[in-house]
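Only one structure is covered here, and it is reproduced in the block below.
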Amino acid sequence: MRRYSSSTYSLEGFLKLLSKVQEAVARIAYPPGESLADIKNVAAVDVAYRDETYFSAAVIYDCIRENLAEKAYETGVAEFPYIPSYLLLREVLPMMAAVQRLGSGWDLLLVDGHGRAHPRMCGLATFLGFMLGRPTLGVAKKLLVGERREYLQGLDEIIYRGERVGFAVGGPGVKTFYVSQGYGVGYGDLIKILNIFKMRYPEPLKIAHAETVRLRRGLVQKG
DNA sequence: GCGACAG
DNA sequence: ATCTTGTCGC
């Protein structure tokens, strides 16, 4: 009988295995061109913390009426620490729980974190979409990998390992944010989505973040 | 070895 | 992410 390496049971061994899973998900996550038809109800999810307790909030935003349509929450104890490039360990389950409470009345989910613009081309946004089996888009406030290359005014491509993995959006007087494909979203969809939100940081995510703070403050009623 | 490192 | 006061500006 063969013997197993102790690294299989160490944190390093575990992360190495997870890396393989991320690479496998990356291979099936990004369809070419466009794949989303109508984008009307856009969901968004975010998580806040106080010590080791997490407060996650998910919302559905109606892009036609331009208003909030639904909210859902989840609170619990964080099971993992934050390890750079392994954010999904800490946030995937808290986010998924809140999102599942929304039901399925949304066309796309915006996730606070990167998607394809990741060392293994599979960040939190991509992985969450894979677990849900639904389209997601990664929206982050800081660049994790890659370099910016001018594409259009106020819009840079993010190049990593010779390929475009996302876009940096911003310009003079406007804070830059970074978007990349999550699961089941083509780069053509990505451009369409940026236009829906007029090249600004997506309102659904602003709302989700605000709800996360309200929840932590104990201002959210049960029901 | 050194520095960087989504939230 | 979180810990934190005041402060500049619309």
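Lettering follows sequence order; numbering is per chain, from 1. For clarity, every value in this text was computed on a predicted model and none was experimentally measured.
Scanning for ring-ring contact (aromatic ring centres under 6.0 Å, His included) contacts around A/Y151 gives A/F167, with sequence neighbours left out. Take A/E91 and apply the salt bridge (charged side-chain N to carboxylate O under 4.0 Å, His left out) test, not counting sequence neighbours, and it matches no residue. Qualifying salt bridge (charged side-chain N to carboxylate O under 4.0 Å, His left out) partners for A/E157, counting only residues two or more places apart in sequence or in other chains: A/R149, A/R164.
Note: A/Y49 and A/Y54 fail the aromatic proximity criterion, with ring centroids not under 6.0 Å apart.
Counting only Watson-Crick and G-U wobble pairs whose two distances sit under 3.5 Å, DNA chain C takes part in no stem of three or more pairs.
No hydrogens or angles considered: a donor-acceptor pair under 3.5 Å links the side chains of A/S35 and A/D189.
In this structure, A/R120 is positioned above the aromatic face of A/Y86, its NZ or CZ under 6.0 Å from the six-membered ring centre and within 45° of the axis.
Rounded to whole Å, atom P of C/dT2 lies 15 Å from atom OH of A/Y54.
Taking a cutoff of 4.0 Å between a charged side-chain nitrogen and a carboxylate oxygen, A/R216 and A/E211 do not qualify as a salt bridge. Salt bridge A/R134/A/D107: absent, no basic N to carboxylate O contact under 4.0 Å.
A pairwise comparison of heavy atoms in A/F127 and A/C122 identifies CD1-SG, 4.0 Å as the closest pair.
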- Based on Watson-Crick and G-U pairs with both distances under 3.5 Å, what dot-bracket line describes DNA chain B 5' to 3', crossing pairs as [ ] and inter-strand pairs as |? .......
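Under 4.0 angstrom from either OP1 or OP2 of C/dA1 there lies no side-chain N or O belonging to A/R50.
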- Base versus backbone protein contacts along nucleotides 2-7 of chain B [heavy-atom cut-off under 4.0 Å; B, S, -]: ---BBB
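Ring geometry for A/F14 versus A/F80: interplanar angle under 30°, hence parallel rather than tilted (30 to 60°).
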